[in-house]
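Note that the structure is a prediction, hence the values are computed from the model and not measured. Just so it is clear: chains get the letters A, B, ... in the order the sequence lines come, proteins before strands, and each one is counted from 1.
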Amino acid sequence: MDDPQELLSLCKRRGFLWPAYDIYGGAAGFFDYGPLGAAMKVNIESHWRRLHVLEEGLQELVCPVIAPESVFEASGHLDTFADLYVECTGCGETYRADHLAEGLHDNPAALKEKELGDLLRENDVSCPACKGELTAPKRFNLMFRTSVGAGSAKAGYLRPETAQGMFVNFSQIYRFGRERLPVGAVQIGRAFRNEISPRQGLLRLREFNQMEAEVFFHPERKTWPRYGNVKAEVLSLVPSNGPPTDMSLLDAVSSGTIANEALAYFMWLTQRFAVDVGVDPDRMRFRQHEKDEMAHYATDCWDLEAETGYGWVELVGVADRGCYDVQAHLKHSGADLTAFERFDEPKEVTKEIVRPKYDVMGKLFRGDTKAIAGIVAQLPPDAVRDRDSVQVDMDGRKVEVPSTCYELAVTTEKISGDKFVPHVIEPSYGVDRMLYTLLEHAYRVRDDYVTLSLKGLVAPVKVGVFPLMARDGLDDIARRLYDSLVAEGMAAYYDDSGSIGRRYARMDEVGTPCCVTVDYETKEDGQVTIRDRDSADQVRVKLDDVICAVRNMIEGRSPQSLASM
RNA sequence: GCGGCUGUAGUGUAGCUGGUUAUCACUUGAGCUUGCCAAGCUCAGAACGCGGGUUCAAAUCCCGGCGGCCGCACCA
């Protein structure tokens, strides 16, 4: 669309979106969802939940928004999720450190904290405003900081992604999943980033909504049970090292374009979801991250992008995060965040070992026997083969151990499984961006007449109910019809004001898929008119069939298919 | 964060070389009318983003926040 402002103005007017805290002058990066926006957001999330929790069997969690500092020390956000700033000791003004270094270095942004500080100092850079002395570069972290508890409170942060809550719960997720891989969790919720310059409506918010899935795999078995069902489906790909191409999952994986079957599967699921909720298939693509664009944790990453009035916008990132996150939390917390994979049959591993002869050694080494035997047992067989003695190092003391003290032996060890840190595939959705894109892709204008062709699945209002005239009992029939639709859980809207055309228009503008009109003939034949939003076609349906007919229309079936009812 | 532009009813706007009751349209509500696609008539409701300054007088001029748009930067 040419001008996103038109759509944003519709959103404000019709209760999809309002700028937050407007009466106090507003706050950049924050938006309110009005009644229709809130309903639409719930609809998007419900469908996502249906695909991921119901169909794929992922476990939904709800974790806190605030996390203690240690979580982000481990995840790397404390270090890497930041920009470098310097402050003037005189006037207190702050500057982006790499900007002050402009012209002093080819690429100041690439410098480390200390290098940048040295560079500025060596060149006697001072405050551009007051010539005062500057501090060493400091990090401005993009996480919102807060404190937990009173007094000597601990630092806490608002999460910049919902993902960490799932990583730290790996053991619980794994256990709940009966200790089998792959297993995964999802979370739908808020995340926060203190953006320097939020812009573009819903596309860059400081407080936003995510839907994320973290799916844990054996590092060598990154596939998914339902991969086989969809491997012939086609994805629209823009690989980092080649031209755009449409490719089946099977071809993409076998050619190495997509790293593995699991990643391909979740890309397909992402595409399916996007199309289901109404992203225009002709205006979306998967773009692979360049190596230098990849986040610190990822090994392969594809963004689902959609074309909007703001250009191509990232809606979903589908990343293979490797073992980065779980490994990091394992290391920092000391918790055993590993999975154990039992072999079908315990493996018998036969190997040659050096076996100490304790009776001989005991007589020779007395109190040192245990320590020396321990060292000897660790020696590789080849180190002692065909030799009369071997020299071992015991706390710096060289000890000569004669060959009578040990023997080479062949043992059979039983290994029942592998213990490993799982790898993670992560689809990460921006709900707000998705919602905005759906509105844009649904936006149609013809002769100043605006229709939102929203999918019935996400439309905030499913059906408008009108009496042709608000009298002669038509309104009573319409009211009863409205009540019965609402009783079925359908979001309906009753309207008896003004001309019928105006009422249709009002519903078209907020994307309501169909409208039901009660007219004078209804009193004779018990039938009503159902009108389809996109074609304006009408069919007559019996009052008793309205619920079923409306349900059909919401699911995208043509109004003609209702005529035979 | 930097530079440019900008801010008037719910929406879009006129006024902005200072000076009547701030223009118009749509929207909204009430009434009349209306028998399937934003029809008409009457009435009503609704705005100068905020703070300071200049002036007898500020929507209008000046300054500073705040918000928006565009470009740069940023977007782990």
Side-chain angles (χ1 to χ4, degrees), chain A residues 3-6 8-15 18-30 34 72 75-86 93-100 102 108-109 128 139-143 160-161 163 191 193-201 203-206 208 289 293-298 301 303 309-310 313-314 317 319 428 430 433 446-451 464 466-472 474 496-509 515-522 528-533 535-538 540:
Chain A
D3 186 9
Q5 291 310 305
E6 274 176 44
L8 288 176
S9 135
L10 182 152
C11 286
K12 188 176 174 188
R13 196 156 36 84
R14 303 310 307 272
W18 298 324
Y21 312 112
D22 202 31
I23 64 167
Y24 287 105
F30 300 95
F72 301 114
S75 71
H77 286 96
L78 217 49
D79 286 335
T80 58
F81 195 51
D83 287 319
L84 291 171
Y85 274 79
V86 293
E93 187 67 63
T94 54
Y95 302 94
R96 276 285 300 277
D98 53 341
H99 288 187
L100 292 180
E102 209 69 53
R139 293 197 168 276
F140 169 74
N141 198 282
L142 263 50
M143 288 191 292
E161 58 176 12
R193 297 175 193 185
N194 200 0
E195 295 283 353
I196 295 169
S197 163
R199 284 272 182 87
Q200 303 178 316
L203 299 188
R204 278 182 65 197
L205 297 173
R206 290 187 164 126
F208 56 103
H289 277 209
E293 179 185 8
M294 213 104 69
H296 59 277
Y297 49 72
C301 184
D303 285 347
Y310 296 109
V313 172
E314 173 196 341
S428 170
R433 289 176 167 199
R446 205 181 59 221
D447 304 327
D448 288 331
Y449 188 97
V450 174
T451 302
F466 316 143
L468 186 59
M469 304 302 295
R471 59 169 189 243
D472 303 327
L474 299 187
D496 62 8
S497 73
S499 73
I500 193 75
R502 176 177 299 266
R503 284 178 265 167
Y504 286 147
R506 201 180 274 128
M507 288 289 96
D508 287 345
E509 202 182 24
C515 295
V516 182
T517 302
V518 175
D519 56 30
Y520 285 94
E521 282 167 51
T522 305
V528 293
T529 300
I530 297 190
R531 168 191 179 270
D532 171 62
R533 174 195 62 204
S535 63
D537 288 344
Q538 303 189 339
R540 297 286 290 177

Exercise for the section: Sticking with atom P, work out how far G64(B) lies from C75(B), rounded to a whole angstrom. Expected result: 30 Å

Fill in the blank from the handout: If pairing means Watson-Crick or G-U wobble with both distances under 3.5 Å, then the partner of G19(B) is C56(B)

Practice task
Return no unless some side-chain N or O of Lys12(A) is found under 4.0 Å from OP1 or OP2 of U11(B).
Solution key: yes

Within the sub-3.5 Å range, which N or O atoms of nucleotides 34-40 of chain B have a protein N or O partner, and how far apart are they?
residue: U34(B); atom: O4; partner: Arg471(A); partner atom: NH1; Å: 3.4
residue: G35(B); atom: O6; partner: Tyr520(A); partner atom: OH; Å: 3.4
residue: C36(B); atom: O2; partner: Tyr504(A); partner atom: OH; Å: 2.4
residue: C36(B); atom: O2; partner: Gln538(A); partner atom: NE2; Å: 3.1
residue: C36(B); atom: N4; partner: Asp519(A); partner atom: OD2; Å: 2.6
residue: C36(B); atom: N4; partner: Thr529(A); partner atom: OG1; Å: 2.8
residue: C37(B); atom: O2; partner: Arg531(A); partner atom: NH2; Å: 3.3
residue: C37(B); atom: N3; partner: Arg531(A); partner atom: NE; Å: 2.6
residue: C37(B); atom: N4; partner: Arg531(A); partner atom: NE; Å: 3.2
residue: C37(B); atom: N4; partner: Ala536(A); partner atom: O; Å: 2.8
residue: C37(B); atom: N4; partner: Gln538(A); partner atom: NE2; Å: 2.9
residue: A39(B); atom: OP1; partner: Arg502(A); partner atom: NH2; Å: 2.8
residue: A39(B); atom: OP2; partner: Ser499(A); partner atom: OG; Å: 2.5

Handout entry: G71(B) base / Arg199(A) side chain donor-acceptor hit below 3.5 Å
Key = yes

Problem - A14(B): pairing nucleotide in any strand, Watson-Crick or G-U under 3.5 angstrom - result: none

Problem - Between A57(B) and G18(B) - P atom distance, rounded Å - result: 15 Å

Exercise for the section: Quick one: label Gly15(A) by what it contacts on the DNA or RNA (base, sugar-phosphate, nothing), any heavy atom closer than 4.0 Å. Expected result: nothing

Practice task
Take atom OH of Tyr24(A) and atom P of G68(B), then tell me their distance rounded to the nearest Å.
Solution key: 18 Å

Exercise for the section: Determine the contact category for Pro160(A): base if any of its heavy atoms lies under 4.0 Å from a base atom, sugar-phosphate if only primed atoms, P, OP1 or OP2 are that close, otherwise nothing. Expected result: base

Practice task
Measure from CD on Gln200(A) to P on G67(B) and round the result to the nearest Å.
Solution key: 16 Å

Practice task
Provide the distance between the two P atoms, one in C61(B) and one in G15(B), to the nearest whole Å.
Solution key: 13 Å

Exercise for the section: State, to 0.1 Å, how close Asp508(A) and Arg533(A) come at their nearest heavy-atom pair, and which atoms those are. Expected result: OD1-CG, 3.4 Å

Practice task
State, yes or no, whether a side-chain contact exists between Lys12(A) and Pro19(A) at a heavy-atom distance under 4.5 Å.
Solution key: yes

Handout entry: Any-strand Watson-Crick or G-U partner of C75(B), both distances under 3.5 Å
Key = none

Completion exercise
d(Arg204(A) CZ, Tyr310(A) OH) to nearest 0.5 Å is 12.5 Å

Fill in the blank from the handout: Glycosidic torsion of G65(B) (syn if within 90° of 0, anti otherwise) classifies it as syn

Practice task
Compare every heavy atom of Ala28(A) with every heavy atom of Arg206(A), then report the nearest pair and how far apart it is.
Solution key: NH1-O, 2.9 Å

Problem - Inter-residue atom distance Arg506(A).CZ - Ser497(A).OG, 0.5 Å rounding - result: 4.5 Å

Problem - Closest non-hydrogen atom pair between Thr522(A) and Arg540(A), with its separation - result: N-NH2, 4.1 Å

Sub-3.5 Å pairs of nitrogen or oxygen atoms, protein against nucleotides 44-51 of chain B:
none

Handout entry: Length of the CG-P vector between Leu142(A) and A73(B), whole Å
Key = 17 Å

Completion exercise
For His77(A) and Ser75(A), the nearest pair of non-hydrogen atoms, with its separation, is ND1-OG, 2.6 Å

Handout entry: Euclidean distance for P, A58(B) against G67(B) (whole angstrom)
Key = 27 Å

Practice task
Answer yes or no: are there more than 12 heavy-atom neighbours, outside Tyr520(A) itself, under 6.0 Å from its atom OH?
Solution key: yes

Practice task
Report the distance from atom CZ of Arg204(A) to atom P of A73(B), rounded to the nearest whole Å.
Solution key: 12 Å

Handout entry: Shortest non-hydrogen contact between Asp303(A) and Gly317(A), atoms and distance
Key = OD1-CA, 3.5 Å

Exercise for the section: Please tell me if the side chains of Leu78(A) and Met143(A) come closer than 4.5 Å, counting only heavy atoms from C-beta onward. Expected result: yes

Exercise for the section: Find the distance Leu8(A):CG to G10(B):P and express it as a whole number of Å. Expected result: 18 Å

Practice task
Rounded to the nearest angstrom, tell me the gap between atom CG in Leu203(A) and atom C1' in C75(B).
Solution key: 12 Å

Practice task
Look through every strand shown and name the nucleotide pairing with C41(B) as Watson-Crick or G-U wobble, where both distances are under 3.5 Å.
Solution key: G31(B)

Problem - Base paired to G51(B) (Watson-Crick or G-U; both N/O distances under 3.5 angstrom) - result: C63(B)

Practice task
Sticking with atom C1', work out how far G1(B) lies from C24(B), rounded to a whole angstrom.
Solution key: 41 Å

Exercise for the section: Sticking with atom P, work out how far A14(B) lies from U8(B), rounded to a whole angstrom. Expected result: 10 Å

Practice task
Evaluate the ring planes of Tyr504(A) and Phe466(A), with Trp represented by its six-membered ring, and classify them as parallel (under 30°), tilted (30 to 60°) or perpendicular (over 60°).
Solution key: tilted

Practice task
Quick one: look up who G3(B) pairs with, Watson-Crick or G-U, both distances under 3.5 Å, and put none if it's unpaired.
Solution key: C70(B)

Practice task
Using the C1' atom as the reference point in each nucleotide, state the distance between A47(B) and G10(B) in Å, no decimals.
Solution key: 10 Å

Problem - Nearest-angstrom distance, C1' atom, G68(B) to C26(B) - result: 23 Å

